[in-house]
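Here the structure comes first, spelled out in structure tokens, and everything after it is commentary.
Just so we're on the same page: letters track the sequence lines, and every chain starts at 1.
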There are 2 protein chains.
Amino acid sequence: MKYTDADQGPSDTAEEIMEATLRALRKHGYANLTMQAIADEFDKTKAVLHYHYDTKDELLVAFLDYLLDRFIRRLDFETIDDPDARLSALVDRLLLEFDDDTSDETAPGFPAALLEVRAHAPHNDSYREQLTLNYELLKDMLTTIIDDGIEQGVFNPVDSEQTATLILAAIMGGRDYYSTTNRECVGEEVRDALQDQFLSELRTSDRT
Amino acid sequence: MKYTDADQGPSDTAEEIMEATLRALRKHGYANLTMQAIADEFDKTKAVLHYHYDTKDELLVAFLDYLLDRFIRRLDFETIDDPDARLSALVDRLLLEFDDDTSDETAPGFPAALLEVRAHAPHNDSYREQLTLNYELLKDMLTTIIDDGIEQGVFNPVDSEQTATLILAAIMGGRDYYSTTNRECVGEEVRDALQDQFLSELRTSDRT
DNA sequence: GTCTATAAGAAGATAGAC
DNA sequence: GTCTATCTTCTTATAGAC
């Protein structure tokens, strides 16, 4: 899992395959994500997929890596010094602005695609390992922000790990409900609930 | 979606098929959930499945109904009057005691099975409608408990809907992380975080 | 209602030409 | 590296006997 980006760019075939796989997944869903469906999403044939990846499973493991890399890279918000603003920005990114794909408005978005792959982790050790690392990375990010906030006196002295765990779980739950129900506003609702019922208490002074 | 239980019991073939489908799903995962795999889990043949359900899709829609019915029925905890104790019991049920299947310790449990089906909601309108109803049912349950608690003076006067939204999102996020990562303790961690960092603030007096 | 047998198509994967 | 063509297996679904 490479969360760095020192490569030459997204111009080689492997990268094109990953992009095609994402398009195919959004169109057909994980259950109907065939090699043919992936091949149909770019200008080469099915055989090319097997040239670059021995098996479909191998391709999908690489694809989850691609998804998580993309997911994390998307969080690289402009550096904000204030831990309070930084935390709010992170929450907003994860709960509101998670649809960066404007290619096809009808197909499910990125969070749904990620959810579909995530859901198969119980039956795939590689998936579970990647997702465990991703969870710990996110939790560390949140814990650090909260610790910084406490140190700078903008947050009350709480258990930063527990606080991070709770925020992260709420965010993920909100994302999942957004993808799996018709309540399209659930992202905003969870964001507002998190802000009004929890983060407001976390702040030392409630500066509106 | 029938959350009532006025039937004659789980003795007919349709019920057996649902139970077999759950076993097959836990064993093989949604991606490899074939009609043959389901048939192998009970004492009748594949043709019987098509006799009772015209298509595989139809069977799976009925199966999600069965899963959600089971999920909700499992929450029927002994009637607790105190809203505080009732809320804690509900949170514990959803985050700790969700593995009621002791049939196969190696296969993923019930929450993972439900997650796998849930994940396909973006591509299945029937799934999404059922899951929307389920979300609203859970949220109403939580909202009612919180309103009762406020009325009885055991909870502070908060926005009960926002509070329910936040608790529900955290619970679902915790369940999903439990199923998709190797952090087997994440259920307990989210429960503790919810209790120590949020519910303790909700109570009018912090009675340990 | 349940069985066996089979149709009809789609899946992952490979062979060999270019 | 990429193509076309093909192999083999698996899939959903049905037909017809009991």
Quiz item: Pick the nucleotide of DNA chain C nearest each of A:D54 and A:T34; which residue has the one closer to the 5' end?
Solution: A:T34
Please give, in whole Å, the distance from [N] [atom2] to [X] [atom1]?
X: B:H50; N: C:dC3; atom1: NE2; atom2: C1'; answer: 15 Å
X: A:L49; N: C:dT14; atom1: CG; atom2: C1'; answer: 14 Å
X: B:I17; N: C:dG1; atom1: CD1; atom2: P; answer: 11 Å
X: B:L59; N: D:dA13; atom1: CG; atom2: P; answer: 10 Å
X: A:M35; N: D:dC10; atom1: CE; atom2: C1'; answer: 16 Å
X: A:K56; N: D:dC10; atom1: NZ; atom2: C1'; answer: 13 Å
X: B:Q36; N: D:dC10; atom1: CD; atom2: C1'; answer: 10 Å
X: A:L33; N: C:dG12; atom1: CG; atom2: P; answer: 8 Å

Quiz item: Which residues in residues 39-47 of chain A have at least one heavy atom lying under 4.0 Å from any atom of DNA chain D?
Solution: A:D43, A:K44, A:T45, A:A47
Self-check item: Mutual orientation of the aromatic rings belonging to B:H120 and A:H120 [parallel < 30°, tilted 30-60°, perpendicular > 60°]
Solution: perpendicular
Quiz item: What pairs with A:E189 under salt bridge (Lys or Arg N to Asp or Glu O under 4.0 Å), at least two apart in sequence or on another chain?
Solution: A:R183
Quiz item: How would you list, by chain and number, every residue that makes a side-chain contact (heavy atoms from CB on, under 4.5 Å) with A:H123, sequence neighbours excluded?
Solution: B:P108, B:E116
Do any side-chain atoms of residues 141-152 of chain B form donor-acceptor pairs under 3.5 angstrom with protein atoms, and if so which ones, sequence neighbours left out?
from   : atom 1 : to     : atom 2 : distance (Å)
B:T143 : OG1    : B:K139 : O      : 2.7
B:T144 : OG1    : B:D140 : O      : 2.8
B:D147 : OD1    : B:S160 : OG     : 2.9

Quiz prompt | Summary of salt bridge (charged side-chain N to carboxylate O under 4.0 Å, His left out) pairs that have at least one residue in residues 53-63 of chain B, sequence neighbours excluded | solution = none
Self-check item: Residue pairs fulfilling ring pair (Phe, Tyr, Trp, His ring centres under 6.0 Å) with at least one residue in residues 33-62 of chain A, sequence neighbours excluded
Solution: none
